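Everything numeric here is computed off the predicted structure, so don't read it as measured data. Quick note: residue numbers are just sequence positions, from 1.
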Amino acid sequence: MYPSAQEMRDVQFTVANKHLARLPYGPLGIALGVEHRSLNGYWHSSWQDQAGLNSNQVRGDTGGGYNVTEVFGELSIPLLRNLPAVKALNAEVSGRFSNYNTFGQAYNWHAGLIYAPTDDIKFRANIATGFRAPTIQDLYKAKIISLTGTRDPCAYISTYPGAVQSTIADNCRAQGINPNTFKQTNGSLKYETGGNVNLKPEISRTYTIGSIITPRFIPGFTATVDYFHTHITETIGYPSLSTELNGCYESTGLSSSYCSILNGRDVNGQLYPVARLHENTGAFIEDGLDINASYQVPIDYNNTLTFGADIQDIMSYKAQSQDGQPLISYLSTDAGVPKWVANGSATFTHGRWSLTYMLRFIDGFTYYPSSSYGPTVSEWWKTNQAWYHDLMLTYHGDLYSVTAGVKNLGGRDPNFYANGDYNTSPGMYDYAGRYVYLKAQVHF
């Protein structure tokens, strides 16, 4: 292990008053605050990493930081209460002004309504703007030179549609290459990735509408159903290298903005490492349903059963790799998200003891082995659905609690995924197999 650290300093002052003023249908609530955060971090690579001896990557040191000052406020406004067909109607509005020393200023806001016609059901609707500021890694990640199997367009002109072959050939000639004889000497291209101090934040707008169900004829039962629509622009990431190279060489006179990744060619005509720094590029749109339910069943004064479920159904997921490019559906692919993700639980509580069983489900997805998507893709591979079983036993003391548990009770292997790290997706699947743990907490 080599030295690395992250540090955050946070100073915040908040004032709140739930009864700032009395309105006809209840008290007006307000909260105001100011916050200042500073974040710093670094990561030192080994001499082997710097020399490229540990893998096919040459990795340098990373370090940097930023600070932000924010002012925020929130209002809770009762509009109606205890009227025919209106048990309650409340509004919430909030706003936040941020000043970053990296990209400048930003302002975001939220507005929402909660309407309860009876005690059994509430309806809610929200609209909100937001942003994700570039992280230290996004801004200052060290330059890394890696290898990829992406092809040099000048060596494979005949594989492109006839309408663009002449354009590609002209662009290759302009770089001193004879398209009739040129060959790519190495099956892998070198490319350089890293941070970008000129990044701007990702920008989002989200709409949600849903309901909260608490039927009085089923004591202990609560359910929520929410539809959401999220549109994020200026997303931070690495554009597809094949998309950029193809877009560059298919443009007349290498005029496309994609051509900014080129760093010239060597004396043999081979491409120098192309640049793929973090960029604000593209967007995605996501629609879906969030469903949550819980049901508590008292057995007697000392025993209780509790059931819970969280289900997410992604109805649409579309993304574009670069501004101005078409939106492509990546739902149920490795470039997007699984359509279904769900968790279920059952807990038996006996006095200070509780035993919980959890069931986790991840839907399968499809992928193309070369990670190259488009209308001509014909060979898709598919991962299977994944089910995981967990068990947890907890003792709740007055000032402490102790938990023993097993995750992935059946020792299920992670799903095979050829494009992922270690032939799987560590961020999605339990790649460590069965996991046994013991945890103690002290409450002050």
Side-chain angles (χ1 to χ4, degrees), residues 25-26 29 74 76-92 94 110-128 130 204 206-230 285-301 303-317 331-332 337-350 354-364 385-392 394 396 405 407 428:
Y25 295 100
E74 181 177 346
S76 176
I77 310 168
L79 301 177
L80 298 172
R81 190 174 302 276
N82 295 325
L83 298 175
V86 183
K87 184 67 178 179
L89 177 63
N90 299 308
E92 295 179 350
S94 60
H110 159 264
L113 282 175
I114 301 178
Y115 165 56
T118 70
D119 288 326
D120 299 288
I121 189 168
K122 296 178 182 177
F123 299 98
R124 56 188 177 187
N126 295 275
I127 177 173
S204 71
T206 299
Y207 309 89
T208 63
I209 183 169
S211 61
I212 306 170
I213 305 167
T214 53
R216 285 168 291 179
F217 58 88
I218 310 179
F221 178 81
T222 300
T224 63
V225 181
D226 291 283
Y227 165 79
F228 64 87
H229 171 90
T230 299
I285 300 174
E286 185 176 23
D287 296 86
L289 288 175
D290 279 326
I291 303 169
N292 172 274
S294 65
Y295 184 33
Q296 189 174 77
V297 185
I299 300 174
D300 55 35
Y301 74 96
N303 299 284
T304 304
L305 276 174
T306 304
F307 302 95
D310 294 288
I311 302 170
Q312 186 174 78
D313 172 21
I314 304 300
M315 302 163 64
S316 174
Y317 186 97
L331 181 61
S332 295
V337 292
K339 178 169 176 56
W340 292 94
V341 176
N343 297 313
S345 66
T347 300
F348 172 68
T349 302
H350 173 73
S354 63
L355 177 65
T356 299
Y357 163 76
M358 293 187 64
L359 175 65
R360 293 178 286 140
F361 170 77
I362 303 170
D363 202 3
Q385 299 172 341
W387 298 85
Y388 292 102
H389 306 270
D390 305 332
L391 205 58
M392 182 173 66
T394 301
H396 305 273
K407 293 191 67 176
M428 183 178 298

If you measure from NZ on K122 to CG on D120, what distance do you get to the nearest 0.5 Å?
-> 11.5 Å

Decide whether Y25 and N90 meet the rule of one side-chain donor and one side-chain acceptor closer than 3.5 Å.
-> no

Report yes if the side chains of F123 and P117 come closer than 4.5 Å at any heavy-atom pair, otherwise no.
-> yes

One should read off an interatomic distance between S204 OG and E286 CD, to the nearest 0.5 angstrom, of 12.0 Å

Please report the shortest heavy-atom distance between D226 and G210, naming the atom on each side.
-> OD1-CA, 3.4 Å

Hey, are the side chains of Y115 and L80 touching, using non-hydrogen atoms and a 4.5 Å cut-off?
-> no

Are any non-hydrogen side-chain atoms of N82 and K87 less than 4.5 angstrom apart?
-> yes

Can you see which heavy atom on A91 is nearest to which on L113, and at what distance?
-> CB-CD2, 3.8 Å

For S345 and T356, the nearest pair of non-hydrogen atoms, with its separation, is CB-CG2, 4.5 Å

Using 30° and 60° as the class limits, which term best fits the ring planes of H389 and Y357: parallel, tilted or perpendicular?
-> parallel

Please examine the side chains of I362 and R360, heavy atoms only from C-beta on, and report whether any two atoms are closer than 4.5 Å.
-> no

Roughly how far, to the nearest 0.5 Å, is the CD1 atom of I291 from the OG1 atom of T224?
-> 8.5 Å

Once you round to the nearest 0.5 Å, how far does OG of S332 lie from CH2 of W340?
-> 11.0 Å

Is there side-chain contact between D119 and T214, with at least one heavy-atom pair below 4.5 Å?
-> no

So how far is it from I213 CD1 to I121 CD1, rounded to the nearest 0.5 Å?
-> 5.0 Å

Would you find more than 12 non-hydrogen atoms of other residues, nucleotides or ligands less than 6.0 Å from F348 atom CZ?
-> yes

Aromatic ring pairing Y295/F221, orientation class (parallel under 30°, perpendicular over 60°, tilted between) = perpendicular

If you measure from CZ on F228 to OG1 on T208, what distance do you get to the nearest 0.5 Å?
-> 10.0 Å

Atom pairs and distances, side-chain donor-acceptor, residues 307-316, under 3.5 Å, sequence neighbours left out:
residue, atom, partner, partner atom, Å
D310, OD1, N292, ND2, 2.4
Q312, NE2, D290, OD1, 3.0
D313, OD1, K339, NZ, 2.9

Please examine the side chains of Q385 and F361, heavy atoms only from C-beta on, and report whether any two atoms are closer than 4.5 Å.
-> yes

